[in-house]
Structures are given as structure tokens and as C-alpha cells.
There are 2 protein chains.
Amino acid sequence: MKKNSVKAVHSLVDTYPKVPLTVDCVIFGFEESKLKVLLIKSDLSIYQGKLSLLGDFVKNNEDLDDAAYRILKERTGMTNVFLDQVKVFGKPDRHPGGRVITIAYCSLLNIQHHALNIHENELDWYDYESLEDMAFDHKQIVDECHSWLQKRIQEHPLGFNLLPDKFSLRELQNLYEAILGVSLDRRNFRKKFASMDLLIDTNEMEQDVSHRPGKLYQFNFTKYEKKKRKWIGIDF
Amino acid sequence: MKKNSVKAVHSLVDTYPKVPLTVDCVIFGFEESKLKVLLIKSDLSIYQGKLSLLGDFVKNNEDLDDAAYRILKERTGMTNVFLDQVKVFGKPDRHPGGRVITIAYCSLLNIQHHALNIHENELDWYDYESLEDMAFDHKQIVDECHSWLQKRIQEHPLGFNLLPDKFSLRELQNLYEAILGVSLDRRNFRKKFASMDLLIDTNEMEQDVSHRPGKLYQFNFTKYEKKKRKWIGIDF
DNA sequence: GGCAATTGCGTAGTTAGTACACAAAGTTAA
DNA sequence: TTAACTTTGTGTACTAACTACGCAATTGCC
């Protein structure tokens, strides 16, 4: 068995194959009862007109998470967003310019809260349901992040990050139905959220609806943080 | 907006920073009521005596999953194992030889079924609970994979992959207790697995135990595959 | 004022999880 | 051989969570 000094380790590492590494951000939002994704039109002529995720190469001494936050900020101007690493995609032929590995990061955010400060390459919110073929393997990446989201939203009340501050229970249910792709019983849905005891009644009502207006609620983020361990805990 | 030809894309990709990429395999097993991990002693002198995951660099045109299977086979001789990608670790200083990104893959397997065909660097099964500081950031990686396992095992009956073909309910419970780090009520535990209706009674009994012997069961893998969608399905 | 749409509340039945008790089967050792 | 000990195997009563519904009340619109 051969042992290596630090110097030897350096030259050992130097001999190994290197690959370009990128981060792609899958940012979900919700508007008009539809799940949206933040996308741009691809720069590459071979992907002309196709939609692409917000992505960029990771810098030499940049932490992966930092790279994701940097990219989001550079491309959209957004800060104060939480990103989660979802999965690595590394098929040798996934990028036309040669082998590129990409790490998918995902986030959910309130469209009203995060204005798009930068307007390049038709950066905009696109309907998740209407997405067809995208640049690279980005459709697959978005779909995997969507599955991740479906799972996460059933374990944690993450949906609130996608809604305006004040929302009706109907809006909340629309959100869950849009993400999960199912229809839910209205009464049981309310009961579930009522029993969680994380909604604050604002004593305000919906405006400009052509039917009986619903109450508006706020999510009690403070209380949620305290209860969090309940969701993480073991209940086998 | 500048459009790029394929050729231009190639040269564009070539200008970006590249990093060495590795895969590390976290293989869990179970023996003598203890959760084990398959590890080796580190090659590197600065990590002398410390334990290390099974890892290697990803080859130039190698798919990431393929790399994980190759590494496992090269280092242990094992085939017929399912590996799951868990997370990427990429802190700039995580490797003493320079920046190296690693992708952690995880698996669970039956120690009896998978003999260690290769014996280098003290390759062996080590108690998970007794692990202390390891080479690189490998302790952190193992811990993250352990958390992943705790979650997965509560959503899918994966535990059976760690047990011998025929096992008693006590062994099954020991496994869950070892992985989850909690003690469970014996009667409720049995009831839970009985209600899942995935155990086959072999009509055999435990041998060589110094108390009343328990029945031996087999896991009904075929039936599980059919029921799988139930676990994956939406139950909101 | 009547119709349509939607909110808000409630109840009954089922399923899943928790907290227990106790007899039966085997080993060990006086 | 039998009493003490350990562990298995089964059961019951209670509680919490989920499901499938019914129906009156509020608003907009014609």
C-alpha cells in the first residue's frame, strides 16, 4: 500500500479528469391558480426559441450553494431566497458543447414579493403545465424538481412561500391542487389546515370576486418554526 | 443577444473552470443488531489510519450512475446492488489535494449475500455508531446518508434489503431501532408489519436461541412491487 | 326577488396509531 | 422436575387523523 504526501496528493488530483460544473436554478411561483417556473430563452442558436433554466458555471473556488445564490441574483436580481439542492445531472451528452455536469437547485417564491429586476433573454414566469421541450435536458430537470416539490409540500407547509401575504383558503387549495395535480375535498382541506393551527385570521375579506367573498388569512411563520420538529420527527 | 453555433459553444465551454469530480459510495449493512458501513482505510498519509468511503474519480465520458457502480465493483467485487444518488458535496477545501466535487451514492445490502471479494486497505464493515472522525468530509457524508436512510426507511420497506432471506420479527425490529435510534413497542411494531401483509410465514423457527424461538419470515418482494404505487401515491 | 356560485360549518364512519395486559413456549439451574 | 427467567404471540381499549358526505349563509347578477 502506497502512502501519499500532500504534495503527491496534489499531483495525483491534477492527473484526474476534470469537468465543467454548472448550477441550474428551478424557481417555482404561483399566479392565477397556476404553477409557474422562472425561465429564460436559451442563448444557444441550436436551442433557438427554447426555454432554459437559469444557470451558470461554478467558479473556481466557489461553494456550490453560493454559486446557486449568485446565479439567481445575477440573472434576476433576487436575494432573500432559499435554495435547496435537488439532484445532479451528468449524462455525458447532455450539453452540446461537451461534457458538463449540472447541479439542480430548487426554490419556491411569492411572485409579488420578488420583482424581476433584470430583463434579459425574455426572463419570465412560464406555466409549468404548458412546458414542452426545453434546451438541454432542462425539461427533465424541471420535472424532477416538480416531483421533489410534490413530496416536500406534503411534508412541510411550504406552499405559503408561493402565496401572497394574505390569501383565501380557496387560493391555498388551488395551489395544492396545482402542484399535486389532484382535486381535493374543500371541507376536509380546510379542516386539515384549521387543525394545524398555523393560520392567522386577518379579519379581512376577498375583494372583487363575483360571489360570496372568503376570509383572508396569513401564515404564522413564527409558530411554524417552533412546530417544525414535529414534521421532522420520527413517527414510526 | 448573441447566438452561438455548436462550434462556438464548444469553445465557450472550454473557457470555463473545470473541477475533478468523484463519486463516493455509502453502503449500509446490518449484522449483530448493528448498522454497519462499508469502508476502507485511507490511502493518504495525512489521513493515516482514518476511515474513508469507497470513492474514485468519474471518467471522462462516464455516466455518473455508471461510475458509482463501477467503483463499487472495483473496490468490493459487488454487483447486483442498487445505488441512489443522495447529495453533492463541494466545499472548495474539502479535499487536501485541491478542489474536488463528490457525489454521494447510497445503498443498503444484505451482508451475507454480498461477500467482499477484494481485500485492500482493510476494506470491511464498520459500526456506524462507532464512527469518529474520518478522512476528508466523509463523516459528514455518511451522516447525511444516514439521515436519508432514516427518512427512506419510513416511506418504503427498504429494511428487508439489509436482512438475511429469513428473519424473525425481532431481527426486523432491531434493524428499525438501530437505524432510527429509537425503541419501538414490540406489539405495535408487529401489528404494523402484519397489516402491510408483505411477510411470508416460512413455517420455520429460529435456531440456537436461548429462549422461546420466533417464527422466520420472508419478505414478499413481488407483492411489494405491485403495492409500490400506494407508497408513492398522493395521500393528502 | 330568484338564481348561481361559493363560503363556512358540521357530523358520522373508517382507518391508523398508541398504550397497555397476559398467556404460551422455550432455556437454565437448583 | 420444577421454579425462575426470557421472549414470543395475540388481543383490547382509547385516541388521532382521514374520508365522505349535507346544508345553511353570503354575495353578485339578472
Side-chain angles (χ1 to χ4, degrees), chain A residues 32-33 150 153-157 159 163 166-178 180 182-218 227 229-236, chain B residues 32-33 150-151 153-157 159 163 166-178 180 182-218 227 230-236:
Chain A
E32 295 161 5
S33 295
Q150 288 189 322
I153 207 170
Q154 291 182 74
E155 296 170 348
H156 305 271
L163 290 173
K166 297 174 183 176
F167 52 85
S168 66
L169 287 172
R170 160 60 39 198
E171 283 178 286
L172 184 61
Q173 186 175 340
N174 285 343
L175 169 62
Y176 275 83
E177 290 181 336
L180 298 175
V182 293
S183 65
L184 304 165
D185 183 273
R186 190 174 57 84
R187 293 152 292 187
N188 293 335
F189 182 85
R190 309 181 142 246
K191 210 183 318 175
K192 170 128 185 163
F193 279 90
S195 76
M196 291 199 321
D197 201 26
L198 288 171
L199 297 182
I200 303 165
D201 186 340
T202 63
N203 293 315
E204 295 175 55
M205 306 294 270
E206 284 181 300
Q207 301 291 327
D208 306 317
V209 285
S210 71
H211 54 76
R212 175 176 176 181
K215 284 186 181 181
L216 292 176
Y217 294 89
Q218 285 179 307
K227 283 199 171 186
R229 65 194 66 195
K230 186 174 181 295
W231 276 279
I232 298 164
I234 292 150
D235 57 41
F236 198 86
Chain B
E32 294 161 6
S33 296
Q150 289 189 322
K151 204 177 157 197
I153 207 168
Q154 290 182 74
E155 297 170 346
H156 304 272
L163 291 172
K166 296 173 184 176
F167 51 86
S168 67
L169 287 172
R170 161 58 41 197
E171 283 178 285
L172 184 60
Q173 186 175 341
N174 285 343
L175 169 62
Y176 274 83
E177 290 181 338
L180 299 175
V182 294
S183 66
L184 304 165
D185 183 273
R186 192 174 57 85
R187 294 155 290 190
N188 294 335
F189 182 84
R190 304 181 144 248
K191 209 186 317 175
K192 170 129 184 161
F193 279 90
S195 77
M196 290 198 322
D197 200 26
L198 288 171
L199 298 182
I200 302 164
D201 186 341
T202 64
N203 293 315
E204 293 174 55
M205 306 294 271
E206 283 180 301
Q207 303 290 327
D208 307 316
V209 286
S210 72
H211 55 75
R212 174 175 178 182
K215 285 186 180 181
L216 292 176
Y217 293 90
Q218 284 180 305
K227 282 198 173 186
K230 186 173 181 296
W231 276 279
I232 299 164
I234 292 149
D235 58 40
F236 199 89

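Everything numeric in this text was worked out from a predicted model, so none of it was measured. When reading the values below, keep in mind they use all heavy atoms of this one structure, side chains included, and skip hydrogens, waters and symmetry mates.
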Assess whether salt bridge (charged side-chain N to carboxylate O under 4.0 Å, His left out) is satisfied between A:Glu204 and A:Lys215, documenting all intermediate values. CA-CA 6 Å; A:Glu204 295 175 55; A:Lys215 284 186 181 181; over 6 Å; no
What is the distance, rounded to the nearest whole Å, between atom [atom1] of [X] and atom [atom2] of [N]?
X        : N      : atom1 : atom2 : answer
A:Met205 : D:dT27 : CE    : P     : 6 Å
B:Arg186 : C:dA19 : CZ    : P     : 16 Å
B:Arg190 : D:dT8  : CZ    : P     : 7 Å
B:Asn188 : D:dG9  : CG    : C1'   : 14 Å
A:Met196 : D:dC18 : CE    : P     : 11 Å
A:Leu169 : C:dC9  : CG    : C1'   : 12 Å
A:Glu206 : C:dG8  : CD    : C1'   : 13 Å
B:Asp185 : C:dT18 : CG    : P     : 9 Å

DNA chain D: 5'-proximal contact among A:Pro213 and A:Lys191 (nearest heavy atom): A:Lys191
With nearest nucleotide decided by heavy atoms, which residue, A:Ser210 or A:Arg187, maps closer to the 5′ end of DNA chain C? A:Ser210
Any donor-acceptor N/O pair under 3.5 Å between D:dT27 base and A:Arg212 side chain: no
Would you tell me if any nitrogen or oxygen in the side chain of A:Lys192 comes within less than 4.0 Å of OP1 or OP2 on D:dC18? yes
Base, sugar-phosphate or nothing for A:Arg170? Non-hydrogen atoms, less than 4.0 Å. sugar-phosphate
Within the 4.5 Å heavy-atom criterion, are A:Arg170 and A:Arg186 side-chain neighbours or not? yes
Are A:Gln173 and A:Leu184 close enough that some pair of their side-chain heavy atoms sits under 4.5 Å apart? yes
Given the options A:Tyr217, A:Tyr176, A:Phe167, A:Phe193 meets ring-ring contact (aromatic ring centres under 6.0 Å, His included) only with A:Tyr176
